[in-house]
Peer 1: 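Mind having a look at this structure? Questions to follow.
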Amino acid sequence: MAVVPMFPLGSALLPGERLPLHIFEPRYQEMLRDCLEMDDPSFGVVLIAQGREAGGGDVRYDVATLAHIVGHRDIGDGRHLIECIGDERIRVDVWLEDDPYPRADVRVWPDEPSGAPAESDLAALELEVMRDKIDELYRLIGKLAAAESTTPPPAPNLDSLPTDPGERLFQLATHVPMGESDRQAVLEAPGPAERLRALLDAIDTASDIVRFRLQG
């Protein structure tokens, strides 16, 4: 276990995902100063379950992602623009006092072994089902954009993905427009098989929402 600074946000960060942040609150300015003194500047990003990002007093989930700082720029008045990349998934064992900023005693939470399907079956199921579902979702999004005279988002390039099934599913999830509760469900899935089910559910929900809007 280790004590790490924590940054509660209104959005969940997935491993492998990039996260730009504007640091302006005094408590997070102090957090950033402390992080930049580390050999590997990093902090935990956790989704807020209830409350707001600014001011504190929020209720947080206990599964988060460690964000590594890969770039920062001082823009004056103590404010910074930073660029982060999500890395290890972490589980909070104990929340500490928010003084001078949120902190928690955490441990890295690697993927747990899944029961069934086996990894080889999971990989085949991804290739057969996941790509088709994502392609269909973006086809629907493009159709909705045409109906609303807006510019559709570009379809993702799914050719270069991690070989590890768990990491690959996290990468696929970054291309799916979904609510924060669905993103948190993907993050909290114990292993690849459970993550696959959570992601398929999120894609189906997103597709149903687009179809409903197309009927309007």
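The analysis underlying the following values was restricted to heavy atoms, covering all of them including side chains, and did not include hydrogens, waters or symmetry mates.
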Peer 1: Should the pair Lys133-Asp204 be classified as a salt bridge under the 4.0 Å nitrogen-to-oxygen rule?
Peer 2: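 A salt bridge links Lys133 with Asp204.
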
Peer 1: Is it true that Asp111 and Arg89 have a side-chain N and a carboxylate O under 4.0 angstrom from each other?
Peer 2: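 Answer for the salt bridge query: yes.
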
Peer 1: Before accepting this row, confirm whether a basic side-chain N of the pair Asp62/Arg91 lies closer than 4.0 Å to the acidic partner's carboxylate O.
Peer 2: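 Salt bridge flag = no for Arg91 with Asp62.
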
Peer 1: Step through the shown structure and confirm whether more than 12 heavy atoms of other residues, nucleotides or ligands are within 6.0 Å of CG on Asp159.
Peer 2: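 Result for CG/Asp159: enclosed.
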
Peer 1: Please report the shortest heavy-atom distance between Gly166 and Asp164, naming the atom on each side.
Peer 2: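 Shortest heavy-atom contact: N-OD2, 3.1 Å.
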
Peer 1: Judged by atom type as modelled, is there a donor-acceptor pair below 3.5 Å linking the side chain of Thr65 to the main-chain atoms of Gly86?
Peer 2: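 Absent.
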
Peer 1: Output yes when Arg183 and Glu17 qualify as a salt bridge under the 4.0 Å nitrogen-oxygen rule, no when they do not.
Peer 2: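 Result for this pair is yes, salt bridge flagged.
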
Peer 1: If you round to the nearest 0.5 Å, how far is CD of Gln184 from CG of Leu14?
Peer 2: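 Between Leu14 CG and Gln184 CD, I get 9.0 Å after rounding to 0.5 Å.
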
Peer 1: As an exercise, state the distance from CE of Met178 to OG1 of Thr174, rounded to the nearest 0.5 Å.
Peer 2: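 Rounded to the nearest 0.5 Å, the CE-OG1 separation comes to 8.5 Å.
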
Peer 1: So, Tyr101 versus Tyr28, ring centres under 6.0 angstrom or not?
Peer 2: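 Between Tyr28 and Tyr101, which both carry aromatic rings, the centre distance is not below 6.0 Å.
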
Peer 1: Between atom CG of Leu9 and atom CG of Leu13, what is the distance when rounded to the nearest 0.5 Å?
Peer 2: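 If I round to the nearest 0.5 Å, the distance is 8.5 Å.
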
Peer 1: May I ask you to decide whether Glu136 forms a salt bridge with Arg139, counting only side-chain N to carboxylate O separations under 4.0 Å?
Peer 2: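 Counted as a salt bridge, because a side-chain N and a carboxylate O are separated by less than 4.0 Å.
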
Peer 1: Does Asp74 reach the main-chain N or O of Gly76 with its side chain, forming a donor-acceptor pair under 3.5 Å?
Peer 2: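 Yes, because the side chain of Asp74 sits within donor-acceptor range (under 3.5 Å) of the backbone of Gly76.
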
Peer 1: In terms of side-chain geometry, is the basic nitrogen of Glu83 or Arg73 positioned less than 4.0 Å from the acidic oxygen of its partner?
Peer 2: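 The answer is no: the pair does not qualify as a salt bridge.
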
Peer 1: Quick check: closest heavy atoms across Leu172 and Leu199, and the distance to 0.1 Å?
Peer 2: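 Where Leu172 meets Leu199 most closely, the heavy atoms are CB-CD2, 4.0 Å.
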
Peer 1: Going hydrophobic residue to hydrophobic residue with side-chain gaps under 4.5 angstrom, can you get from Leu137 over to Ile209?
Peer 2: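 No, because Leu137 and Ile209 fall into different hydrophobic clusters, even though each may have its own neighbours under 4.5 Å.
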
Peer 1: Tell me the closest heavy-atom pair linking Cys35 and Ile69, and the distance in Å.
Peer 2: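 Looking at all heavy atoms of both residues, the closest pair is CB-CD1, 4.0 Å.
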
Peer 1: Using a 3.5 Å distance criterion without hydrogens, assess whether the side chain of Glu194 forms a donor-acceptor pair with backbone atoms of Gly191.
Peer 2: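 Side chain of Glu194 to backbone of Gly191: a pair is present.
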
Peer 1: Any sub-3.5 Å donor-acceptor pair from Ser42's side-chain atoms to Asp40's backbone N or O?
Peer 2: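 Yes.
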
Peer 1: What's the separation between atom CG in Leu196 and atom CZ in Arg168, rounded to the nearest 0.5 Å?
Peer 2: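 Those atoms lie 10.0 Å apart.
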
Peer 1: Quick one: does any side-chain atom of Glu167 pair with a main-chain N or O of Pro162 as donor and acceptor, under 3.5 Å?
Peer 2: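 Pair absent, no side-chain N/O of Glu167 close to backbone of Pro162.
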
Peer 1: So is Arg103 actually on top of Trp95's ring, under 6.0 Å and inside 45° of the axis?
Peer 2: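 That pair does not qualify as a cation-pi contact.
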
Peer 1: Do Leu19 and Leu36 sit in the same hydrophobic cluster, where Ile, Leu, Val, Met, Phe, Trp and Tyr count as joined when their side-chain heavy atoms come under 4.5 Å apart?
Peer 2: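 Leu19 and Leu36: one cluster.
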
Peer 1: For a 4.5 angstrom cut-off between non-hydrogen side-chain atoms, does Pro5 reach Met38?
Peer 2: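 They are in side-chain contact.
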
Peer 1: At their closest point, which heavy atom of Ser11 faces which heavy atom of Glu180, and how far apart are they?
Peer 2: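 Scanning both residues, the minimum pair turns out to be CA-OE1, 3.2 Å.
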
Peer 1: With a 4.5 Å cut-off on side-chain heavy-atom distances among I, L, V, M, F, W and Y, is there a chain of contacts connecting Val129 to Phe170?
Peer 2: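 Same cluster: Val129 reaches Phe170 through Ile, Leu, Val, Met, Phe, Trp or Tyr contacts under 4.5 Å.
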
Peer 1: Is it the case that one hydrophobic cluster holds both Val3 and Val94, taking links as side-chain heavy atoms less than 4.5 Å apart, direct or via other members?
Peer 2: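 As far as the 4.5 Å side-chain criterion goes, Val94 and Val3 are connected within one cluster.
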
Peer 1: Do the charged groups of Arg60 and Asp98 touch, with an N to O distance under 4.0 Å?
Peer 2: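 Salt bridge present between Arg60 and Asp98.
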
Peer 1: Between Ile85 and Leu32, is there a shared hydrophobic cluster once you connect ILVMFWY residues whose side-chain heavy atoms come closer than 4.5 Å?
Peer 2: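 In one cluster: no.
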
Peer 1: Indicate yes or no for a side-chain donor-acceptor contact from Asp105 to the backbone of Ala2 under 3.5 Å, with no hydrogens or angles considered.
Peer 2: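 At least one qualifying donor-acceptor pair exists.
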
Peer 1: From Ile90 CD1 over to Leu66 CG, what is the distance, rounded to the nearest 0.5 angstrom?
Peer 2: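 The CD1 atom of Ile90 sits 5.5 Å away from the CG atom of Leu66.
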
Peer 1: Are Glu88 and His68 linked by a side-chain donor-acceptor pair shorter than 3.5 Å?
Peer 2: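 Judged by distance alone, the side chains do pair up.
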
Peer 1: For Tyr61 versus Glu188, what's the shortest heavy-atom pair and its separation?
Peer 2: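 The answer is CD2-OE2, 3.6 Å.
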
Peer 1: If every non-hydrogen atom of Asp87 is compared with every non-hydrogen atom of Pro15, which pair is closest and at what distance?
Peer 2: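 Answer, listing the atom of Asp87 first, then Pro15: O-CB, 3.1 Å.
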
Peer 1: Nearest 0.5 Å please: distance from the CG atom of Leu140 over to the CG atom of Leu214.
Peer 2: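 Nearest 0.5 Å value for the CG-CG distance: 6.5 Å.
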
